[in-house]
2 protein chains.
Amino acid sequence: MATLDDIAKMAGVSATTVSRVINNYGSLSEKTKAKVFAAMRELNYQPNSLARSLKGKKTQLIGVILPGVGNPFFGQMVQEIEDQLFKKGYRIILCNAGDDSEKERDYLRMLMANRVDGIISGSHNLGIEEYQKVGLPIISFDRYLSNNIPIVSSDNFQGGRLAAQTLMMSGSKMMEIITGANRPNSPTSNRLKGFKEILGKNDVEFNTSEIDFSSSPIIKSLKIKEILSNKKVDGIFCTDDLTALLVMQQAKDLGISIPEDLKLIGYDGTNFIQNYHPELTTIMQPIADIVTMMIDLLLKRIDDPDCKLESNYTLPVKLITGATTI
Amino acid sequence: MATLDDIAKMAGVSATTVSRVINNYGSLSEKTKAKVFAAMRELNYQPNSLARSLKGKKTQLIGVILPGVGNPFFGQMVQEIEDQLFKKGYRIILCNAGDDSEKERDYLRMLMANRVDGIISGSHNLGIEEYQKVGLPIISFDRYLSNNIPIVSSDNFQGGRLAAQTLMMSGSKMMEIITGANRPNSPTSNRLKGFKEILGKNDVEFNTSEIDFSSSPIIKSLKIKEILSNKKVDGIFCTDDLTALLVMQQAKDLGISIPEDLKLIGYDGTNFIQNYHPELTTIMQPIADIVTMMIDLLLKRIDDPDCKLESNYTLPVKLITGATTI
DNA sequence: CTGAAAGCGCTAACAG
DNA sequence: CTGTTAGCGCTTTCAG
């Protein structure tokens, strides 16, 4: 692969001059510019960004750590992150941490080694103390990682309230909330709190079931079947849309009609759900806005590592009404 | 951020020695090793991989160019790629090319600038001549990019045949195939060919509708509605599962029962579909195997850039029978 | 078993 | 308007 020196030789100028035309810096005669450009084209030259970064420049690389891009929610989020960052001249290193804390730690080290300019993390793993000493700008999605790492999230509490109100308005009396394992600091715990707050105020009966986020759909379906068969529930709030989809499946199998016998509301409202399951009532997280916010904050920190940021940024959610709560 | 020199000083040894313990190379006394390790821990040291790569080492970075990770098919594929590459010590730079050729070209340049060790590309954009002169190991998923770039794909032709046979067996007489825009060299064109071959042999009537892959679900739904209302179709083959989902939606709206009035078969068979839409009969692409194959070939090329590879690697598809073709 | 020195490809003073 | 020089952080001969 051609180097700056190669093209300097070919154009009959010094390396400095080449560097100057690449960076469009200082004043060059049109003639030399032309010669250099010609040589660059001739050799299909691409400046080595490694060397450039070594000299103290930024890498224009951002690490993105998320549970996994197979999930449509995070798929859409990554797509949005990639899209917005690309427009600002950044590339992303994608890290699917899954539920593997060790992998997440490895990635953290690698990202440091690669000298990324910053990190966006929304992993589900907890207790990764390494976040405290990464020494790089980091923004978190919806999780507490460490002091001084700002958290951007949608209004989980309000989302829970909205879900409860919607279910009540549609006439359910005996509710069930199906949520992921509620580890401390988890956002779903706020969805739960908001939900309970409304129901408490209105003396509505309800029950809480925890199903681990990372367990397989088969397992989840089994637990849902149990819930549906054993109880006379007439309203369910799932803290994510995919689980709501499983509820619809199981209900159908059991001959329970939605919304006649059972009202259902989900959470997330991805494009995917809106397009392919418009019947599902859900609470939409404003993914694009969340991403814009995160990138905005991250770039600020990259620009000025000491800039003071809030510890929390909360964006509003929106109710999307489908046929499952009519 | 701490450098190798910093820790050399702290440990009271030379840079060379530190380098040796990092790379576990040559013979070191336990004592120096211990001192160096201590210093590394103390300063939370991470070797600068930029500097390392500049010295001629590989970057351990792979560029992944795909249409977009918001689509569950590519989401799953990226997840698989990331997973398998991580285990081999590589990280990925994710590039969502969408249907933007210019963006894809930009990314190609950036990947060169970043000196990635190789590229996996499965973009939908055609005519990117740049692929010819990237001068990096590249493997393609399901598209022709340039001579000498191996293509890994599932058996699209056989998939089309399977779809046709399945629809025939379930009793449809008047078929419709809904496919993406069939640009030359596109894989869907082989699905179509296989499908037609079987129908031709059996004198079954059918019709072909093209709906651009990148058009919105709303537009797609409209066209599907048209197809369903105007004709007396009783069997549909969609060359991707998401479109099949839309067909199910529209059929329901129009009071057409599946599978009673209409048989339906999709294509892709992602985990997502298998988990959340098990009712849909579909042709499953072996994503994990495809990825294994691609990575295998890519690493071979990275290891030996001149190694000869086939131009095509075709992996078998599998019929997954759901309730839509009973 | 350990160190000194050169150089990867590029940028940034400093000269002219 | 252009070139010389030094050095980013690391690896790698070549010497001890």
Side-chain angles (χ1 to χ4, degrees), chain A residues 1-40 43-61 109-117 135-136, chain B residues 1-40 43-61 109-117 135-136:
Chain A
M1 195 154 279
T3 77
L4 186 145
D5 267 322
D6 294 335
I7 86 129
K9 253 160 226 154
M10 177 165 226
V13 297
S14 77
T16 314
T17 302
V18 177
S19 175
R20 284 199 181 104
V21 354
I22 290 170
N23 298 293
N24 195 26
Y25 179 76
S27 37
L28 299 302
S29 79
E30 286 306 321
K31 233 167 68 186
T32 32
K33 270 197 209 174
K35 276 192 299 185
V36 171
F37 278 129
M40 285 174 54
L43 299 176
N44 193 219
Y45 170 72
Q46 287 299 331
N48 184 332
S49 77
L50 298 168
R52 226 194 266 225
S53 303
L54 225 211
K55 260 312 269 188
K57 299 269 199 192
K58 301 278 171 210
T59 55
Q60 301 294 113
L61 241 27
R109 278 182 223 113
M110 288 178 173
L111 293 178
M112 290 176 70
N114 277 295
R115 299 298 191 264
V116 296
D117 293 340
L136 242 39
Chain B
M1 197 154 276
T3 79
L4 186 145
D5 267 321
D6 294 336
I7 86 129
K9 252 160 228 154
M10 178 164 224
V13 297
S14 76
T16 314
T17 302
V18 178
S19 175
R20 284 200 181 101
V21 354
I22 289 170
N23 298 294
N24 194 25
Y25 179 73
S27 38
L28 299 303
S29 79
E30 286 305 324
K31 232 167 71 186
T32 32
K33 269 197 209 175
K35 275 191 302 184
V36 171
F37 278 130
M40 285 173 54
L43 299 176
N44 192 220
Y45 172 72
Q46 287 300 329
N48 184 333
S49 77
L50 298 168
R52 226 196 265 226
S53 303
L54 188 52
K55 263 312 267 190
K57 301 266 199 191
K58 301 277 173 213
T59 54
Q60 301 293 112
L61 241 26
R109 279 183 223 114
M110 286 177 174
L111 293 177
M112 291 175 70
N114 277 294
R115 297 301 188 264
V116 295
D117 293 341
L136 243 40

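Computed from a prediction, not measured in an experiment: that's the story for all the values here. The chains referred to below are lettered A, B, ... by the order of the sequence lines, with proteins before strands, and numbering in each begins at 1.
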Are any of B:Lys57's side-chain N or O atoms less than 4.0 Å away from OP1 or OP2 of C:dC8? no

Roughly, in whole Å, what's the span from CZ in A:Arg52 to C1' in C:dG9? 11 Å

Any base atoms under 4.0 Å from B:Val13, or only sugar-phosphate, or nothing? Heavy atoms, all strands. sugar-phosphate

Looking at the base of C:dG3, is there any donor atom on it, or on the side chain of B:Arg20, that sits under 3.5 Å from an acceptor on the other one? yes

Can you tell me if the side-chain N/O atoms of A:Asn48 get under 4.0 Å from OP1 or OP2 in C:dC8? no

What distance separates B:Glu30 CD from B:Thr32 OG1, expressed to the nearest 0.5 Å? 8.0 Å

Looking only at side-chain atoms of B:Leu28, point me to the closest of C:dT11, C:dT2, C:dG3. C:dT2

Rounded off to whole Å, could you give me the NZ-to-C1' distance for the B:Lys55 and C:dG9 pair? 11 Å

With a 4.0 Å limit, can you tell me whether A:Ser53 has a side-chain N or O closer than that to the phosphate oxygens OP1/OP2 of C:dC10? no

In whole angstroms, how far is the C1' atom of C:dC8 from the CE atom of A:Met1? 15 Å

Take the protein atom CG of A:Asp6 and the nucleotide atom C1' of C:dC10, then report the distance between them rounded to whole Å. 13 Å

Along DNA chain D, 5' to 3', what are the outermost nucleotides having an atom less than 4.0 Å from a heavy atom of chain A? D:dC1 to D:dG9

Counting only side-chain N and O atoms of A:Tyr45, is one of them less than 4.0 Å from OP1 or OP2 of C:dC10? yes

Separation between OG1 (B:Thr3) and CD (B:Gln46), nearest 0.5 Å, reads 13.5 Å

Determine whether the side chains of B:Thr17 and B:Ser14 contain a donor N or O and an acceptor N or O closer than 3.5 Å. yes

Does B:Thr16 make a side-chain N or O approach to OP1 or OP2 of C:dT2 shorter than 4.0 Å? no

Please tell me if the side chains of A:Ile22 and A:Leu4 come closer than 4.5 Å, counting only heavy atoms from C-beta onward. yes

Return whichever of A:Ser49 or B:Ser14 has its heavy-atom-nearest nucleotide of DNA chain C closer to the 5' end. B:Ser14

For A:Ser49 and B:Ala113, indicate whether the former's side chain and the latter's backbone hold a donor-acceptor pair under 3.5 Å. yes

Return the 5'-most residue of the pair B:Ala2, A:Thr17 with respect to DNA chain D, ranking by each residue's nearest nucleotide. A:Thr17

Would you mind reading off the distance between B:Leu54 atom CG and C:dT11 atom C1', rounded to a whole angstrom? 13 Å

Rounded to the nearest 0.5 Å, what's the gap from CG on A:Asn44 to CE on A:Met1? Could you check? 7.5 Å

Spacing between B:Asp5 atom CG and C:dA5 atom C1', to the nearest angstrom: 13 Å

Using every non-hydrogen atom in the two residues, find where A:Ala51 and B:Leu54 come nearest and quote the distance to one decimal. CB-CD1, 3.8 Å

Touch check for B:Ser27, heavy atoms < 4.0 angstrom, all strands: base, sugar-phosphate only, or nothing? base

Can you tell me how far the CZ atom of B:Arg52 sits from the CG atom of A:Asn114, to the nearest 0.5 Å? 10.5 Å

Send over the distance from A:Ile22 CD1 to C:dC10 C1', rounded to a whole Å. 8 Å

Whole-Å distance, A:Met40 CE to C:dC10 P, equals 10 Å

